[in-house]
Asks: 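Below is the structure I would like to discuss, written out as C-alpha cells.
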Amino acid sequence: MIDQTRKEEAIELPEGGYFGTLVVFHELHCIKHLRHFLYASHYFPDDLNPSQIENRRIHLDHCLDVLRAGSMCRADVAPLTMRWGRTQPKPLANFSGPHSCVNWDALYGWAKGRNIDRLFEPGYLRHPVLGDVFGPQEDRVALLTGVAHGSSSLSK
C-alpha cells in the first residue's frame, strides 16, 4: 500500500497503478554495482575515466547507505556464534545459523507478474514537462545492463 503523501508524488501509469519497485530489487542493484566496482578490471576492461570513477563512487556511496539502512531496518537477530579456526588464534564467525527468510520464489514471482513490459517503449513514460523518458537507445542499454530488472507496477 502506498501512503497518501507518497501517492501524491507517485508516477501514475497509463494502464493504472504506479511506477515503482520493491526495495529489495534496489538493494540487489546496489550489491551488483558494488561487485562490479570491486572487480572493475573484469567488468570494465577498457578502464574507467576519472569522471566515470567519480560518478561510480557517488553512486556506490549511496548504495552503501541504502544497504546500511536496510540492514538496520530489518536487523536480522539470528545468533551469530563464534568458532575456533584451525590455523589462526582468533575466533571466526559461524555463518551456518538459521535465518528467517521470505519465500524468494514467491516474492520474485509476484513482482515479475507486475513487471512493466512497455516501460522502455518510446512515449509510454512521459515526464509532464520534459517529455518522453525513454527512447530506442535507452531500451538497448536496459537490455544490455538489466537496468529495468524489477521495475514494476504497484497497485493503487
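Quick note: numbers below take in every heavy atom, side chains included, and nothing from hydrogens, waters or symmetry partners. Along the sequence shown, residues carry numbers from 1.
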Asks: Salt bridge check: are K7 and E12 linked by an N-O gap of less than 4.0 Å?
Replies: no
Asks: When rounded to the nearest 0.5 angstrom, what distance separates OH in Y43 from CG in L38?
Replies: 10.0 Å
Asks: Any side-chain heavy atom of L34 within less than 4.5 Å of one from L64?
Replies: yes
Asks: For a side chain to side chain contact (heavy atoms under 4.5 Å, CB included) check, start with the C-alpha distance between L107 and V24, then their side-chain angles and the critical distance, and finish with the verdict.
Replies: CA-CA 10 Å; L107 176 71; V24 66; 4.2 Å; yes
Asks: Answer with yes or no whether the hydrophobic clustering places L130 together with Y124; edges join I, L, V, M, F, W, Y residues whose side-chain heavy atoms lie under 4.5 Å apart.
Replies: no
Asks: Look at the side chain of D3 and the backbone N and O of T5, then say whether any donor-acceptor pair between them is shorter than 3.5 Å.
Replies: yes
Asks: Any side-chain heavy atom of L22 within less than 4.5 Å of one from W110?
Replies: yes
Asks: To the nearest 0.5 angstrom, please state how far the CG atom of D76 sits from the SG atom of C101.
Replies: 7.5 Å
Asks: Are V23 and I116 grouped together when hydrophobic residues (ILVMFWY) are joined by side-chain heavy atoms under 4.5 angstrom apart?
Replies: no
Asks: Which pair of non-hydrogen atoms, one from V66 and one from H26, has the smallest distance, and what is that distance?
Replies: CG2-CE1, 3.7 Å
Asks: So, do L125 and F120 sit near enough that their side-chain heavy atoms are less than 4.5 Å apart?
Replies: no
Asks: Does any non-hydrogen side-chain atom of T81 lie less than 4.5 Å from one of F95?
Replies: no
Asks: With a 4.5 Å heavy-atom cut-off, do L48 and N55 have their side chains touching?
Replies: no
Asks: Less than 6.0 angstrom separating the ring centers of H33 and H62, yes or no?
Replies: no
Asks: Hey, are the side chains of L67 and E27 touching, using non-hydrogen atoms and a 4.5 Å cut-off?
Replies: yes
Asks: Which heavy atom in W84 sits nearest to a heavy atom in P89, and how many Å separate them?
Replies: CZ3-O, 3.2 Å
Asks: Please round to the nearest 0.5 Å and tell me the distance separating atom SG of C30 and atom CG of L60.
Replies: 8.0 Å
Asks: Give the minimum heavy-atom separation between H99 and A78, together with the two atoms involved.
Replies: ND1-CB, 4.1 Å
Asks: So, taking the atom named CZ in R118 and the one named CZ in F134, what distance separates them when rounded to the nearest 0.5 Å?
Replies: 14.0 Å
Asks: Using 0.5 Å steps for rounding, measure from the CZ atom of R83 to the CG atom of L92.
Replies: 5.0 Å
Asks: What heavy-atom pair brings Q52 and D47 nearest, and what distance separates the two atoms?
Replies: OE1-O, 4.4 Å
Asks: Just verifying a value: how many Å separate H36 NE2 and H42 NE2, rounded to the nearest 0.5 Å?
Replies: 7.5 Å
Asks: Mind listing the closest non-hydrogen atom pair of M82 and P91 along with its distance?
Replies: CB-CB, 4.1 Å
Asks: Which label fits H59 and H29: parallel for a plane angle under 30°, tilted from 30 to 60°, or perpendicular past 60°?
Replies: tilted
